[in-house]
Each structure stands twice: as structure tokens, then as C-alpha cells.
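Working notes for the structure below.
Just so it is clear, the model here is predicted, and its values are computed rather than measured. Convention: sequence-line order gives letters A, B, ...; per-chain numbering from 1.
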Number of protein chains: 2
Amino acid sequence: MPRIVAERADILPALAEVFREHGYEGASLALIGQRTGLGKGSLYHFFPGGKEEMANAVLDEIDGWFETRIFRPLREEPDAAAAIRASLRDTDAYFRSGRRVCLVGVLALGDVRDRFAERIHSYFLAWRDALASALVRTGVAQEMAASLAEEAVAMIQGALVASRALQDSELFGRMLNRLEGRLLAGSNPR
Amino acid sequence: MPRIVAERADILPALAEVFREHGYEGASLALIGQRTGLGKGSLYHFFPGGKEEMANAVLDEIDGWFETRIFRPLREEPDAAAAIRASLRDTDAYFRSGRRVCLVGVLALGDVRDRFAERIHSYFLAWRDALASALVRTGVAQEMAASLAEEAVAMIQGALVASRALQDSELFGRMLNRLEGRLLAGSNPR
DNA sequence: GTCTATACTTTGATAGAC
DNA sequence: GTCTATCAAAGTATAGAC
């Protein structure tokens, strides 16, 4: 039976979008209320801790999504090359080909970095290490894999910045393609 | 004779640092006043247009610095390979090996992007094209040069994000080194 | 669980004394 | 040119009715 009553999880997507578009300080409660369709009272009912708890809830959801869709397949999928290709496709979809920014990256650049430092750190670490693990399974040497993975996560973040700055809607896709070529250079073609 | 009286240009460095560290919305007038040592009255004397004028003045200064130190040498220096190497060294110094972020990149990710879209766009465009020009002069084909240059500007931005996120003070340097290797792969070793 | 009303703080910005 | 005082608006957060 469908509920009229909203759950906390129901408003997380809208909440996430507000933080992504406006950053932590830019996301005012007025704006959040407007975009989620909830009054301040309701927001504080779901998130007694205010904005910080909202941001943490959003980061939880993001962590969960990436863990399920990107990190775990990279670590566990038997066909590592296929997992890498799939992860890049999913990354392109998640970031809407560069039209959507990475909230974790945005927070990393801002002055709120310290407040979320632990989560930011573990998100990037998990991505880098999962990708490195997949690369090793395609036959790349440990050190080279670590190096390529580090480069890949930076490249994705940089591509998001550059695609917005240059207002080039195809830049993100070009970068991911180039990245795929470099990551899978040693493995068999599809 | 040294002046006690401050000039507008005297407070620009401090102003730039506040914007870099806290972003546009995070840089409150209280904070700016504190870091520049000026009261709001003085700030509005120098910048009648308020925060937006302050940010534009900072962007002017940044534009000037990069044009003189990075873009022009890349476009005009006869020894293009040397110019590329020097530009990467200067980039490392400017961003304090990743401890300092790129204000233009920060603004590109934020919701104030629209307000500064023109400047953000031209900064990235100038960097990309100046680098591509240098690459062409080292013997790289036009298309490949454009591709490499686009990748380089994105890589630098991504390296700034990643080095902060992963709290790895040496990541930025590693990325610049790898970038130098890729950019100068075809040209003569130093 | 959601709303309105409200308290209190901070914000960007202005005015006027010196 | 710099300061203090002040303003209106917007900010986060809380209380209480329904």
C-alpha cells in the first residue's frame, strides 16, 4: 500500500541534487524546503541534526550507490576488463555525461572539507583501490595498477570541472573513452 | 616612499586566498574583513560593487598572472618543450603542490558558475589553447595536441581535487610528472 | 508527520562621524 | 580612507498547533 507520508529516503535524491548544485553553504534551508516540497518543521523532523545530518545522509546514499554499482563489481567481477568498462559506462550515466557534478569532489574543494574529511577520504580511497584491484586482475602489475587507478579518479574529477568550465557537453565522454583506452591497453579487446 | 594607506591591489592576495579557501558563498564579509584587516566600510570603499566586484578583481589578478607566467610563454617561447616543462613547474609552485586549490575550478563547480561563466570559460580556453600551441611547436599533430592539452587541463584540476580528498601531499607532484612525460613523449629529452 | 509562527544569528550592504 | 553603528534580508533552528 502506497504511503502518502514521506520517508527520509524519499527526499534524499532531491536533497542530494540541491547539495550538488549549490554546495554545502549554498544549499540554504529555504532552497532545500522548496526543492523537497517540505517545510522546515518536516525537515528537522527527519534530520534533527540540521544541514550537517542532511549532508551526511546524502553521503551515505552516495557511498551505498557507488559501493554496489561501481566498487564491488570492480573488486569482485571475474571478468575484470568487463567490470572496468561497465564502471566507466555507469560513471558516465551517474554524472549525466558531465552535466552533474560529484558532491564528494565539491566538498573536498570547499572549506567544509574538514567536517567530512573522513568520508571524502574513504570514498576516493575505495574507488582508487577497487579500480586498482580490477587492473591487477587484467594482468597489470601492482605498481602500475595503483598509478593508473590514481590517475583515473583524478581524471574523472578533472573532467567534471573542465566540462563545466569549458561548457563542452562532450568533453566528459571523450575523457572517459581515452581513460578506457589507457586502462585496458594491455588487456584483450572486447 | 611607502604608503600606510592601502591600495586596492594590496589586499588582493589576501582576498584571493579567502575565496580559494571558502568559495564564493563561504567567503563572508566578516571573514574577508578579518583576513584583510579592513572593516566593511573600507572594503566597500575599494569595492563599491560588494563581493561580486571583489571576486572579479581577484579573477582579474589571476588572469594576469597566468597570462604572463603560463599562457604567453607557452604560446611564444621558441623552445616549446622547455616552455611546457617550465609551465608545469610554475603550476606546481602556484598551487603549492596541491595544497592550494584553483579558484576558477572551484567557481566552475559552484552555483555561481553562471555569474562568472565568461571568465571561467576564457581561463580554461586560454590554458588549453596555449598548451596546444606549444605542443604543435614540439612537433605534435594539431588534433593530437588539442587532445593532449584538453586532457592536461582536466588532469591538473582533477589532481587538485584528488590530492585534497586523499590528503596525499605528493599526489599533485606525481600527476604533474606523469603529465610532463606524456606531453613531451615525442620531443627530445632535456 | 506536516505546517505556521517565531527566536535568534549572521549575512550583505549603507550611512555618517572622524 | 577607516571606523562604528545600523538596516533589511536571509540564515539556521525551535516550539507548538493540528
Side-chain angles (χ1 to χ4, degrees), chain A residues 1-59 61 103 106-107 110-116, chain B residues 1-59 61 103 106-107 110-116:
Chain A
M1 170 177 119
R3 267 171 295 202
I4 305 292
V5 201
E7 287 186 47
R8 209 175 110 127
D10 291 337
I11 62 172
L12 279 183
L15 202 49
E17 221 51 51
V18 179
F19 278 119
R20 265 190 280 265
E21 288 172 19
H22 297 91
Y24 187 78
E25 11 251 341
S28 69
L29 287 188
L31 196 58
I32 292 171
Q34 183 182 321
R35 296 280 291 272
T36 59
L38 290 180
K40 301 182 187 186
S42 307
L43 289 172
Y44 274 89
H45 169 72
F46 288 121
F47 307 97
K51 251 172 80 165
E52 182 156 350
E53 188 175 342
M54 297 181 205
N56 273 309
V58 166
L59 289 174
E61 198 213 12
L103 177 58
V106 169
L107 294 180
D111 59 338
V112 289
R113 177 184 64 150
D114 295 347
R115 214 181 312 188
F116 303 103
Chain B
M1 170 176 123
R3 268 172 295 201
I4 305 293
V5 203
E7 286 187 47
R8 211 175 108 126
D10 291 337
I11 61 172
L12 278 183
L15 202 49
E17 221 50 52
V18 178
F19 278 120
R20 264 189 282 263
E21 288 172 20
H22 301 274
Y24 187 78
E25 13 250 342
S28 69
L29 287 187
L31 195 58
I32 293 171
Q34 184 182 321
R35 296 280 291 272
T36 57
L38 290 180
K40 299 184 187 184
S42 305
L43 289 171
Y44 274 89
H45 170 72
F46 287 121
F47 307 97
K51 253 172 78 166
E52 182 156 350
E53 188 174 342
M54 296 183 206
N56 272 310
V58 166
L59 288 174
E61 199 212 12
L103 177 58
V106 169
L107 293 180
D111 60 337
V112 289
R113 177 184 65 149
D114 295 347
R115 213 183 310 190
F116 302 103

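Spacing between atom CD of E25(A) and atom P of dG12(C) amounts to 11 Å, rounded to whole angstrom units. Atom CD in Q34(A) sits about 15 Å away from atom C1' in dG11(D), given to the nearest Å. The CZ-P distance, from R8(A) to dT2(C), rounds to 14 Å in whole Å. When rounded to the nearest whole Å, the span between CG of L29(A) and P of dT10(C) equals 15 Å. Rounded to an integer number of Å, the gap from L38(A) CG to dA13(D) C1' is 16 Å. A straight line from CD of E53(B) to P of dA13(C) spans 11 Å, rounded to a whole angstrom. Atom pair F46(B):CZ and dC3(D):C1' shows a separation of 13 Å (rounding to whole Å applied). Counting to the nearest Å, the C1' atom of dG1(D) and the CZ atom of F47(B) are 14 Å from each other.
Axis angle between the ends of the helix from dG1(C)-dC18(D) to dC18(C)-dG1(D), five pairs each and rounded to 10 degrees, works out to 0°.
At a threshold of 4.5 Å between non-hydrogen side-chain atoms, the residues E61(A) and P13(A) count as touching. Counting heavy atoms from C-beta outward, L43(B) and I11(B) have side chains that approach closer than 4.5 Å. With a 4.5 Å cut-off on side-chain heavy atoms, H22(A) and L31(A) count as touching. You'll find the side chain of M54(A) reaches within 4.5 Å of the side chain of L15(A), heavy atoms only.
With salt bridges taken as basic N to acidic carboxylate O contacts below 4.0 Å, none links E17(A) and R35(A).
Taking only side-chain nitrogens and oxygens, Y44(B) never comes nearer than 4.0 Å to OP1 or OP2 of dT14(C). In this model, the phosphate group of dG1(D) is approached by a side-chain N or O of H45(B) to a distance below 4.0 Å at OP1 or OP2. Dashed line: the shortest gap from a side-chain N or O of S42(B) to OP1 or OP2 of dG1(D) is not under 4.0 Å. For dT10(C), the OP1/OP2 oxygens have no side-chain nitrogen or oxygen of S28(B) closer than 4.0 Å.
To the nearest 0.5 Å, atom CG of residue L59(A) and atom CZ of residue F19(A) are 8.5 Å apart.
Within the 4.0 angstrom heavy-atom criterion, only backbone atoms of the sugar-phosphate kind lie near K51(B); the bases stay farther away.
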E53(A)/R8(A) under salt bridge (charged side-chain N to carboxylate O under 4.0 Å, His left out): CA gap, chis, key distance, verdict: CA-CA 12 Å; E53(A) 188 175 342; R8(A) 209 175 110 127; 3.1 Å; yes

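Nearest-nucleotide positions on DNA chain D place A30(A) closer to the 5' end than the other of G41(A) and A30(A).
Out of dT14(D), dT14(C), dT2(D), the shortest distance to the side chain of K40(B) is found at dT14(C).
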